[in-house]
Amino acid sequence: MKHFPIFVDLNNQPVVVTGGGEAALAKLRLLLKTNADLEVYTANPEPAVERLALNGQIKLHRRTLQPADIANATLLYAADADASEALRVAGLAKAAGVMFNVVDNLEASAFITPAIVDRDPVTVAIGTEGAAPVLARAIKAKLEEELPERLGFLARIGKLFRPQVAALPEGRAQRAFWSDYYFKSGPRLASQPETEVQAALASLLKAHSAQTPLEGHVAFVGAGPGDPELLTLKARKALHEADVVIYDRLVSAPVLELCRREAVMVSVGKEGFGPSTPQDEINASIVEHAQNGAQVVRLKGGDPTIFGRLDEEIEALEPYGISYSILPGVTAASASVAAIGQSLTKRGRNNAVRFLTAHAMQGFAEQDWAALARQGEVSAVYMGKKAARFVQGRLLMHGAAPATPVTIIENASRPDQRIMSTTLAHLSADIDAAAPQGAALILLGLAPREAAVNTLKEAVI
Ligand code: SAH
């Protein structure tokens, strides 16, 4: 992010605009939405600029800008038709330490003006760092459609009502009230006169005051393999409503971005061999937050019911009678087969599929190797990076064909997804050579489908 978005208070603040043509007028129209003191410097004002001066909306100086004119300015817009004059003005602003914008010249500007959706006091600013003005306009058009015209009206009344709402307990109760107002009762009332809306707000507040506070709850939520679009709608809603999010290292940054801004974020790094928070501490943290009445989201990579120590966490809640729910997620095996254009089961090939871990409580996990070694079997090995040699050895020992296809998928569904196609005979050597740093799943018995490989943008080695 090169340009940092902020909202500047321009109330009664001096803002300087240079130029008297179309570009200056466009900026003035925008600035007139504020209560800034607009000082315009130009030797040739267009009639429309003259009119603004006559109406007292701007102060017009019929000359070019001089250094002394900007000493107190909060912002400066150089909108001169003459590009060299605009740059001269920008130089003066820079020397005086005043934030300046040269209209239609991103490189020469200290700040740029975003595309704006105005539902005052709700303002949405959209920027693309100059990379894609078309995109900014498309987003603006979409938001213009989606945000009701009367949103500003509701927000203004809501703002006046804030002191009364302070009577509700802080946090969840207040949020529930505002969400009810803005998303349920508010839009229904938007066409009513202000007094009606105020009366309705008062009775809504009464209804909310009479409610007993929500009890704590824990949602075990599957965050999926990384791509945020693979979240379920329920998961997304739970993230939006969470007071506390306790998440594993496998949960991707774009998924965490979707959590409610005010949520307390607790990272409990848990990764095969890296540093991790002991399970007891995780359990204690979940219980503590839920007992405080929080809506806790326990966010786990993939599906929470697969190699996620879910039962231990549920059992920790039981003595306290804390309610919980489980929201399934897309497991790594599903994302991985999707990435290579295959299915986990196939008529005539395999009627069953196994999800196995190469890790047990102590060391490597034993399996029914003879069954896994049979021709046509498909298995997904979780946490298998370090155990690849062990798995390979056991399978070969139990009669698996050395040419059995094996695919390793690293960071399935993420932008840095990598697919490595090999055979059982070369599994361990190839995994060592590729040294995957991210989460990796080993699919035994599957090779990437030819057509899929050709369309994959990732390197296949
Ligand atoms: N509950 C998770 C699995 C947790 S065990 C799920 O359902 O997916 C952690 C293992 O899952 C990792 O060691 C890796 O083998 C696998 N894994 C998780 N996310 C992955 C991803 N995006 N790509 C490949 N493998 C992944």
Side-chain angles (χ1 to χ4, degrees), residues 219-232 235 246-256 268-277 279 282 297-314 326-342 344 353-361 363-365 367 378-392 406-422 427-428 430-431 434-444 446 448 456 458-460:
F220 294 98
V221 177
D227 178 353
E229 293 197 43
L230 291 177
L231 281 173
T232 63
I246 302 176
Y247 63 97
D248 289 344
R249 190 164 317 182
L250 267 183
V251 178
S252 70
V255 169
L256 292 176
V268 287
K270 259 172 135 300
E271 198 178 40
F273 291 83
S276 65
T277 309
Q279 189 64 47
I282 299 177
V297 164
R298 174 69 178 103
L299 192 57
K300 290 168 179 285
D303 181 89
T305 71
I306 295 174
F307 305 127
R309 303 188 71 171
L310 176 64
D311 299 72
E312 291 163 64
E313 295 179 8
I314 291 177
I326 302 172
L327 276 50
V330 172
T331 191
S334 301
S336 297
V337 278
I340 62 167
Q342 294 286 12
L344 285 168
V353 58
R354 288 182 183 76
F355 292 176
L356 53 108
T357 172
H359 276 279
M361 299 244 261
F364 297 139
Q367 306 286 348
V378 171
S379 319
V381 185
Y382 288 73
M383 296 176 271
K385 268 191 293 189
K386 295 256 161 47
R389 178 177 295 279
F390 164 77
V391 171
Q392 177 191 37
V406 176
T407 310
I408 301 139
I409 296 102
E410 182 187 7
N411 294 325
S413 89
R414 303 184 183 212
D416 51 358
Q417 169 177 290
R418 245 200 331 163
I419 294 168
M420 294 155 259
S421 174
T422 180
L427 168 60
S428 152
D430 280 356
I431 226 172
Q437 298 302 305
L441 189 95
I442 303 174
L443 287 172
L444 299 173
L446 286 178
L456 290 170
E458 300 79 16
V460 178

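Each ligand, and each atom within it, is numbered from 1 in the order the structure gives. Side-chain atoms are counted along with the backbone in the values below, which use heavy atoms only and exclude waters and symmetry mates.
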Notebook entry, point to check: Can you list the atoms of ligand 1 that are under 4.0 Å from a heavy atom of Ile306?
Noted result: 1 (N), 2 (C), 3 (C), 4 (C), 7 (O)
Item checked: ligand 1 N/O within reach of Pro225 N/O, cut-off under 3.5 Å -> yes
Check: Taking atom CZ of Arg298 and atom CD1 of Ile326, what is their separation to the nearest 0.5 Å?
Finding: 13.0 Å
Check: Strictly under 4.0 Å, does any heavy atom of Gly308 approach an atom of ligand 1?
Finding: no
Note to self: Suppose we measure from atom 11 (O) of ligand 1 to each protein heavy atom; which comes out shortest, and what is that distance?
What the structure shows: Tyr382 CD2, 3.3 Å
Checklist line | Numbered atoms of ligand 1 (with element) below 4.0 Å of Thr331, judged on heavy atoms | finding: 6 (C), 7 (O), 8 (O)
Check: Is there any N or O on Asp303 that sits under 3.5 Å from an N or O of ligand 1?
Finding: yes
Check: Going by the atom numbers of ligand 1, which of them fall below 4.0 Å from some non-hydrogen atom of Gly301?
Finding: 1 (N), 2 (C), 6 (C)
Next item on the list: Among all protein heavy atoms, pick out the one at the shortest distance from atom 4 (C) of ligand 1; state its residue, atom name and that distance to 0.1 Å.
Entry: Phe307 O, 3.6 Å
Check: When you measure from the side chain of Arg389 to the backbone N and O of Ser428, does any donor-acceptor pair fall under 3.5 Å?
Finding: no
Check: Could you give the distance from CG (Asp303) to CZ (Phe220), rounded to the nearest 0.5 Å?
Finding: 13.0 Å
Check: Taking N or O atoms only and a 3.5 Å limit, does Val381 qualify as a polar contact for ligand 1?
Finding: no
Margin query: Pro228: which residues meet the side chain to side chain contact (heavy atoms under 4.5 Å, CB included) condition with it, sequence neighbours left out?
Written below: Pro254, Val255, Leu258
Item checked: Nearest-neighbour protein heavy atom for atom 8 (O) of ligand 1, which is reported as residue plus atom name and distance -> Ala332 N, 2.9 Å
Next item on the list: Take Leu256 and Leu299, measure what side chain to side chain contact (heavy atoms under 4.5 Å, CB included) needs, and give me the verdict at the end.
Entry: CA-CA 9 Å; Leu256 292 176; Leu299 192 57; 4.0 Å; yes
Check: Nearest to atom 23 (N) of ligand 1, what protein heavy atom do you find, and at what distance?
Finding: Ala412 N, 2.8 Å
Checklist line | Spatial distance of atom CZ (Phe390) from atom CD (Gln367) [nearest 0.5 Å] | finding: 8.0 Å
Margin query: Return the CD1 to CE distance between Ile442 and Met420, rounded to the nearest 0.5 Å.
Written below: 9.5 Å
Notebook entry, point to check: Is any side-chain heavy atom of Thr232 less than 4.5 Å from a side-chain heavy atom of Pro328?
Noted result: no
Next item on the list: Could I get the full list of side chain to side chain contact (heavy atoms under 4.5 Å, CB included) partners for Asn411, not counting sequence neighbours?
Entry: Arg414, Asp416
Notebook entry, point to check: Is Glu410 reaching over with its side chain to a backbone N or O of Leu441, donor-acceptor style, under 3.5 angstrom?
Noted result: no
Checklist line | ligand 1 contact on Leu250 by region, counting heavy-atom pairs under 4.0 Å | finding: side chain
Next item on the list: Please could you name the atoms of ligand 1 that Ile409 approaches to less than 4.0 Å, counting only its heavy atoms?
Entry: 24 (C)
Notebook entry, point to check: Looking only at heavy atoms, is any part of Ala440 under 4.0 Å from ligand 1, and if so is it the side chain, the backbone, or both, or is it neither?
Noted result: backbone
Next item on the list: Considering only non-hydrogen protein atoms, determine which one is nearest to atom 10 (C) of ligand 1 and report residue, atom name and distance to 0.1 Å.
Entry: Met383 CG, 3.8 Å
